[in-house]
Amino acid sequence: MSNIETLLKRATREVLPGSILNLGIGLPTQLLDYLPDNLDVLIHSENGVLGAWKQAPREQMNPALIDAAGAYISTVPGSSFFDSSVSFAMIRRSKIDLTMIGAFEVDQQGSLANWKIPGKFSPGIGGAMELAQKTPRIVVLMTHCDKQGRSKILRHCRLPVTAHHCVSRIITDLAVLDVTTNGLSVQELAEGVTPDYLRSVTDADLIFPEEVA
Amino acid sequence: MSNIETLLKRATREVLPGSILNLGIGLPTQLLDYLPDNLDVLIHSENGVLGAWKQAPREQMNPALIDAAGAYISTVPGSSFFDSSVSFAMIRRSKIDLTMIGAFEVDQQGSLANWKIPGKFSPGIGGAMELAQKTPRIVVLMTHCDKQGRSKILRHCRLPVTAHHCVSRIITDLAVLDVTTNGLSVQELAEGVTPDYLRSVTDADLIFPEEVA
Amino acid sequence: MIGGFGSPGTPFSLIDELLRQGQRQLTLIKNDANEAGIGISKLIEQGQVERLITTHIGLNKTAIEWMNAGRLQVEFHPQGMLAEKIRTAGAGSFGFLTDIGLDTEITRPEQLLNWQGQQYKVEMALKADVALLHAARADRFGNLVYDGSAMNFNPLMAMAADQVIVETPECLDPGALPPNQIHTACAFVDHLVVLPRLTSEYAVMEHHVKH
Amino acid sequence: MIGGFGSPGTPFSLIDELLRQGQRQLTLIKNDANEAGIGISKLIEQGQVERLITTHIGLNKTAIEWMNAGRLQVEFHPQGMLAEKIRTAGAGSFGFLTDIGLDTEITRPEQLLNWQGQQYKVEMALKADVALLHAARADRFGNLVYDGSAMNFNPLMAMAADQVIVETPECLDPGALPPNQIHTACAFVDHLVVLPRLTSEYAVMEHHVKH
């Protein structure tokens, strides 16, 4: 199993029965394939779907029914379609219990940067800002380091922030970290990752509770 | 035929095929009974109906389907139901071509007072203010004088105004008057009403075009 | 806040339960006051209502008497403004800029805003602790469908209250309601009360039938 | 303004007609820029678009190149803010008060309002001269029904433009659509174009199918 597969497997445990969740583009969308069928959740998609599910079988694909990432989804019984203003009313009224989202950077205050790299990447904000600012629980799924091996977890975000103090938990290929009032608390370490190694690749202050360290 | 019947008969001629109209409580609502069946209009009701029509036959009455006046209406083919925010979006976006409305007072600037008599009558504004302010064409249907014989057409409204400069035409039991930039122009006189008589019962300046005087 | 425009969409059974429980000093938000002896008028007549935020109570002489006697505070809004204030809360916004009633006595100076060279009236969002609503049909998840003119304020209020309680005579299995025919998505609904029967208050009112 | 979120709800045929007529210096309002070679990207690639008001164009590398080369002005809004700005125009209001992005770089000082002791961002209404929309079904009056996720911005834009032009593959007699299943009432629709067939742009896009 690759590190990403391990990360996604771990992330499935964040999904509580009876909840409404939104899966951002990137790693979170891939999570869908790891969720068991008949799971009692409703997946919200910004383009106006509550009850989105895995890709539809070929013969049932509806070209007029996609998720926000463009996949030809199926829907679960009890799903509903609505316009974009209602879709975001749902978000701003905090009716989404959990948003899993990708990130360029997260800092130890729980601030999230995931929409713009000035001069390099600025395709627009999409729905990220409202999801980040208004979802009660934000779990970031990302690789711990970027392709150059630099920590994506920082003392302070350097990129333009999507929302301040919004992230509850970060799940990376190396660890699971919770944002607490005292700082980043390491909840789990991936197999073979030591506290010293994690410290060495993380540009933020880490707290190791007794049971982890 | 009573004067009121004559007034209502005359008012039916205001209704143009292909138009959307709103009929206020009072005389305008009564107009419905004078309209021919199969008329090509859509009647808007503030409570969320486009395509309201006359009272439904007894066996087809739906207790969940009324107009804003409380009548158990039928609907025409092509009607639609929507929520109150959409209903008033339709009004504020001036999608209602014609509103027929009752009045306590109208003045020669076309200002309308129909929602409040301080100390005597103040049941609320309802939808009148938005209809008056935003319908492109407002036709007032009312008796020319109140029960004490005092003119309801004035130089300046004395009661709290519903909307300023909103009325296009006034149809009373005595005359049809248009609000023009020059003042109130008498378009028609009811049978037996002379210009002098109309002047004597109207507390506003009247213009009589040649063909009427 | 309580759904309904006149009788359609009024949650008469939930109102009866409120009457039974007897909470007092309530602030109610409803388009109208129903008519004397039915719906929220019962709550008013039993002295449970301190304040009513509404648009028009002309069909309820009892409520007007209570208001004139100073026993019921009433705050009137133009109907579309009330709808939009509730919808604004439901959309997670805080207020909106309008020109409705700008130059009439309903606008107070402190509501005026000059912005980018124009004058507007600021209408603030109106939310509630609880919404009591009526739907014609629902599914077990809480997806709602309204009938006829019973939609009115119900879908707006479903979005604008902290606790949303909906009564319905018909509760179906999830999937029974087509996804593009659902008027209120279940994300906005907290509690569903399935009514064993509809009382006479839900029926055609004889005095509104012309003969 | 042009309906659609990705392909669903995009009026591809009306866009093709705009391409044929060749109007230039257009300002487009659309959630996204479709993908290279289809939908509004064709208008961009033909140089007809001066300015695009949108939320995300990440799926269209061509549009990003045009933007980076300074040949296309792009104004980004958070998606729900774009929807709400359009909806505000559609409701006949002029702006709304929000806290979205209040403490981020998307908020400029001149958008801040202190009101009743709180700080808000004022988002102004966004209207258009023309809306081009796609509906799954319509009746001859112009009542509209959308399918699947093709609703998205369409019903909002129907309310917010001076001229509303809707394409649909299926036009029925009035009365064929049940009144409580209509998504956009005909009062908001000016012109209906009945499509004889749907081009390949309306079909499933192979590169979005996972195997």
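So you know, we letter chains A, B, ... as the sequences are listed, proteins then strands, and number each from 1. Fair warning: this is a prediction, and the values are worked out from it, not measured in the lab.
Other residues, nucleotides and ligands contribute at most 12 non-hydrogen atoms within 6.0 Å of the NE2 atom of His156(B). Counting heavy-atom neighbours within 6.0 Å of Glu110(C) CD, excluding the residue itself, gives a total above 12. Within a 6.0 Å sphere centred on CZ of Arg199(B), heavy atoms belonging to other residues, nucleotides or ligands number more than 12.
Between Ser7(C) and Ile66(B), every side-chain heavy-atom pair lies at or beyond the 4.5 Å cut-off. When side chains are defined from C-beta on, Met129(B) does not count as touching Met81(C), because their heavy atoms never get closer than 4.5 Å. The shortest side-chain heavy-atom distance between Val49(B) and Met151(C) does not fall under the 4.5 Å cut-off. Put simply, the side chain of Trp115(B) reaches to within 4.5 Å of the side chain of Ile106(C), judged on heavy atoms.
Using a 4.5 Å cut-off between non-hydrogen atoms, no part of residues 31-39 of chain C approaches chain B. Within residues 69-85 of chain B, the residues having any heavy atom under 4.5 Å from a heavy atom of chain C are, by residue number, Ala69(B), Gly70(B), Ala71(B), Tyr72(B), Phe81(B), Phe82(B), Asp83(B), Ser84(B), Ser85(B). For residues 38-46 of chain B, heavy-atom neighbours of chain C at less than 4.5 Å comprise Glu46(B), sorted by residue number. Among residues 202-211 of chain C, the residues having any heavy atom closer than 4.5 Å to a heavy atom of chain B are, in sequence order, Tyr202(C), Ala203(C), Val204(C), Met205(C), Glu206(C), His208(C), Val209(C), Lys210(C), His211(C).
Minimum heavy-atom separation, Pro123(B) to Ile64(C): CB-CD1, 4.2 Å. Of all non-hydrogen atoms in Gln133(B) and Asp99(C), the two that sit nearest each other are NE2-O, 2.6 Å.
For the options Ala150(C), Pro78(C), Gly6(C), heavy-atom pairs under 4.5 Å to chain B are most numerous at Pro78(C). Contact count versus chain C (heavy atoms, under 4.5 Å) is highest, among Ala128(B), Ala68(B), Ala64(B), Ser87(B), for Ala64(B). With chain B as the partner, the residue from Glu105(C), Arg87(C), Met67(C) showing the most heavy-atom pairs under 4.5 Å is Glu105(C). If you tally non-hydrogen atom pairs under 4.5 Å between each of Pro8(C), Gly4(C), Gly58(C) and chain B, the highest count goes to Pro8(C). Each of Gly126(B), Gly127(B), Gly48(B) has some count of heavy-atom pairs under 4.5 Å with chain C, and the biggest count is that of Gly126(B). Taking Gly9(C), Ala63(C), Gly80(C) one by one and counting their heavy-atom pairs under 4.5 Å with chain B, the maximum is reached by Gly80(C). Among Thr104(C), Asn154(C), Asn152(C), Thr98(C), the residue making the largest number of heavy-atom pairs under 4.5 Å with chain B is Asn152(C). Counting heavy-atom pairs under 4.5 Å between each of Leu82(C), Asp103(C), Thr10(C) and chain B puts Asp103(C) at the top.
Of the atoms belonging to Ile100(C), heavy atoms from both backbone and side chain fall under 4.5 Å from chain B. For Asn60(C), no part sits under 4.5 Å from any heavy atom of chain B, backbone or side chain. Using a 4.5 Å cut-off between heavy atoms, His183(C) makes no contact with chain B at all.
Listed for the Gln79(C) side chain is no donor-acceptor partner under 3.5 Å among the backbone atoms of Glu130(B).
In this structure, CZ in Phe88(B) is found 7.5 Å from OG1 in Thr55(C), a value given to the nearest 0.5 Å. Taken to the nearest 0.5 Å, the OG atom of Ser149(C) stands 8.0 Å off from the CG atom of Asn62(B).
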